[in-house]
Amino acid sequence: YPRFNPDPARIIEYSENIDVLPPIKVNQHNILIDGYHRWKAHETAKKTEIPCEVVQTESEQELLMMAVSLNATHGLQLSPKEKRTYAIKWWNVLPIEDILKSLSISQSTFDTYTKDKRKQYEKELNERVRELYMQCWTEQAIADEVEIDQSVVNRKIVDIMQSAEIGDLHNFDKNAPLDLKVYKLWQFQSATNTVKHFGNIPPEIIDNLLYYFTKPFDVIFDPFGGCGSTIDVCKKRNRRYYVSDLNPIPARVDIRKHDITDGLPNDLPVPDFVFLDPPYWKQAEGKYSDDDTDLANIDLDEFLRQIRGIAKSVKRKWRERKSGYLAIIIGEYKDNGKIIDLPMLCYDEIKQFLPLVCRYQVPYSTQVHGGAFVKMAKDKKECLYINRDLMVFGYGV
DNA sequence: CATGTATGTCCCGCGGGTGA
DNA sequence: TCACCCGCGGGACATACATG
């Protein structure tokens, strides 16, 4: 029943004239549609029977509609407040003509009732478009998702970029503090990401890379997404991101599932910045997955071949425009006491396609060598590595 | 050639204003 | 609150353009 506040005086008035009241209206399940006051009047007059008209209703919605429209045309009209509530509730759910008719209000009244709701809806729509655009969805895919035309999406995106560029381009530090590194030694406190995932790196590394090598709305590609810290930083810094992983963790729906050993994803836009934080060879064996195609589980030659393949296909993407950066963070690896200089080996592969731009030292924030291993190293007169190399290849714009 | 993006044009509907 | 008018923004559609 649609009315919020019944009128007691009306009930008493009706109860004194029980015999002349028209029948009330219920549906097939004895749900009251029309005649609440008449019904209450019968109760007040201690009657056990009441004349009824039974109608069929298909849905909850139809039932409510019928109740409201009957109410609006006779007896006590719904108050404007009640009408407003129903107008807002039905907007974008029912055809406008039906709403206008049931509430017996004009288009302009309906418009003023629903103004706030429509504004809110528009705002949410734009936010959703922006979100999907930042996740590197194509305009057509966004259009399908939010059920508007591609051209509309295109114009919305132009708006978004124009309105954002003023502040964000030059004030990197505006929204969130940046732990900026001015020397080529990038040491940070610890990995702060709360989601536990082996091999996750401090997000400050990506933050600094974005500062030095990218601008707002650049496309950042991270095929070893892990726990998604790249996404968090990109969101903060207004960068578009395409983050994938062989086995995305369920908690992060915005990490795409993709096996980078199959090549670059075919829906990847031309990236401006590629970030590689690969699980390297047997150091992390089995810690990511048992999948044979996981880079953590393959042998050294195959690992290097994959790195080479990524560099090659990334360069192909940049064939036309000759701009973009590829960064890789990687440390040495010890195999039965024998040191494998992975950074050098990776450098050898990547430099065949892209020139080295810059190289940083990134110390591990946690203890990486056990006591026994340190002793063994001392005995064998060997020094132990304690940092990763962060190498940036590519071309400036 | 296929896919994705931008643009020109038409037109609906919304907002705002006014008077009843 | 409603009817009416009017101006304009934004959405739909078709199509041109860009890119790999």
Side-chain angles (χ1 to χ4, degrees), chain A residues 68-69 71-74 76-88 90-165 216-219 221 240-242 256 258 262-274 309-324 326 353-354 394-395 397:
Chain A
V68 171
S69 58
N71 199 281
T73 50
H74 74 273
L76 228 51
Q77 281 245 341
L78 289 177
S79 70
K81 198 178 166 189
E82 289 166 332
K83 287 187 179 186
R84 175 185 289 267
T85 306
Y86 283 107
I88 291 170
W90 289 342
W91 176 80
N92 216 17
V93 178
L94 300 171
I96 290 176
E97 313 86 71
D98 293 357
I99 301 173
L100 297 183
K101 215 163 61 186
S102 337
L103 298 175
S104 66
I105 54 172
S106 73
Q107 176 76 44
S108 57
T109 308
F110 178 72
D111 288 348
T112 50
Y113 281 167
T114 55
K115 187 177 174 182
D116 287 351
K117 170 133 183 197
R118 280 182 287 119
K119 275 258 167 61
Q120 177 69 16
Y121 178 82
E122 181 73 9
K123 206 174 131 197
E124 282 168 9
L125 179 74
N126 289 340
E127 194 42 52
R128 181 80 180 128
V129 168
R130 180 197 162 83
E131 194 184 0
L132 296 176
Y133 176 66
M134 296 313 273
Q135 289 177 26
C136 292
W137 286 41
T138 64
E139 292 184 0
Q140 189 57 60
I142 297 171
D144 293 343
E145 173 74 14
V146 302
E147 292 174 326
I148 55 177
D149 194 83
Q150 172 265 329
S151 64
V152 179
V153 174
N154 176 272
R155 285 174 163 122
K156 280 189 188 300
I157 289 170
V158 169
D159 277 356
I160 288 167
M161 294 182 70
Q162 278 174 354
S163 57
E165 211 156 350
F217 299 107
D218 275 1
V219 171
F221 174 48
R240 300 171 66 198
Y241 52 92
Y242 190 113
R256 299 156 188 257
H258 177 74
D262 293 340
L264 302 184
N266 49 23
D267 58 346
L268 173 71
V270 182
D272 300 286
F273 189 88
V274 178
I310 293 170
K312 187 179 178 182
S313 44
V314 163
K315 179 177 178 153
R316 271 178 65 87
K317 281 268 187 188
W318 293 337
R319 188 179 40 187
E320 294 299 324
R321 52 186 232 178
K322 289 279 177 204
S323 74
L326 179 148
F353 304 99
L354 298 163
Y395 334 92
V397 185

Please give, in whole Å, the distance from [N] [atom2] to [X] [atom1]?
X	N	atom1	atom2	answer
A:Gln140	C:dC17	CD	P	20 Å
A:Glu122	C:dG10	CD	C1'	9 Å
A:Tyr121	C:dG10	OH	P	16 Å
A:Trp137	B:dT5	CH2	C1'	18 Å
A:Ile160	B:dA6	CD1	P	13 Å
A:Glu147	C:dG10	CD	P	21 Å
A:Asp149	B:dA6	CG	C1'	12 Å
A:Glu139	C:dC13	CD	P	17 Å

Can A:Lys119 and A:Glu122 be counted as an ion pair, charged N to O under 4.0 angstrom?
no

Look at the aromatic rings of A:Phe221 and A:Tyr242 and report parallel, tilted or perpendicular, splitting at 30° and 60°.
perpendicular

Picking from B:dT5, B:dC14, C:dA12, which would you name as closest to the side chain of A:Arg118?
B:dC14

Looking only at side-chain atoms of A:Ser151, point me to the closest of C:dA12, C:dG11, B:dT5.
C:dA12

Would you say a side-chain N or O of A:Lys156 is under 4.0 Å from OP1 or OP2 of C:dG11?
yes

Contact under 4.0 Å: A:Arg155 side-chain N or O vs B:dT5 OP1/OP2
no

Would you kindly check whether a donor in the side chain of A:Gln150 faces an acceptor in the base of C:dA12, or vice versa, at under 3.5 angstrom?
no

Quick one, A:Trp318 and A:Leu354 - any side-chain contact, counting heavy atoms below 4.5 Å?
yes

Between the side chains of A:Gln150 and A:Gln140, does any donor sit under 3.5 Å from an acceptor?
no

Does atom NZ of A:Lys317 have more than 12 heavy-atom neighbours, drawn from other residues, nucleotides or ligands, at distances under 6.0 Å?
yes

Reading DNA chain C from 5' onward, which residue's closest nucleotide shows up sooner: A:Asp159 or A:Lys317?
A:Asp159

By the 4.0 Å heavy-atom rule, please label A:Val270 as base, sugar-phosphate, or nothing.
sugar-phosphate

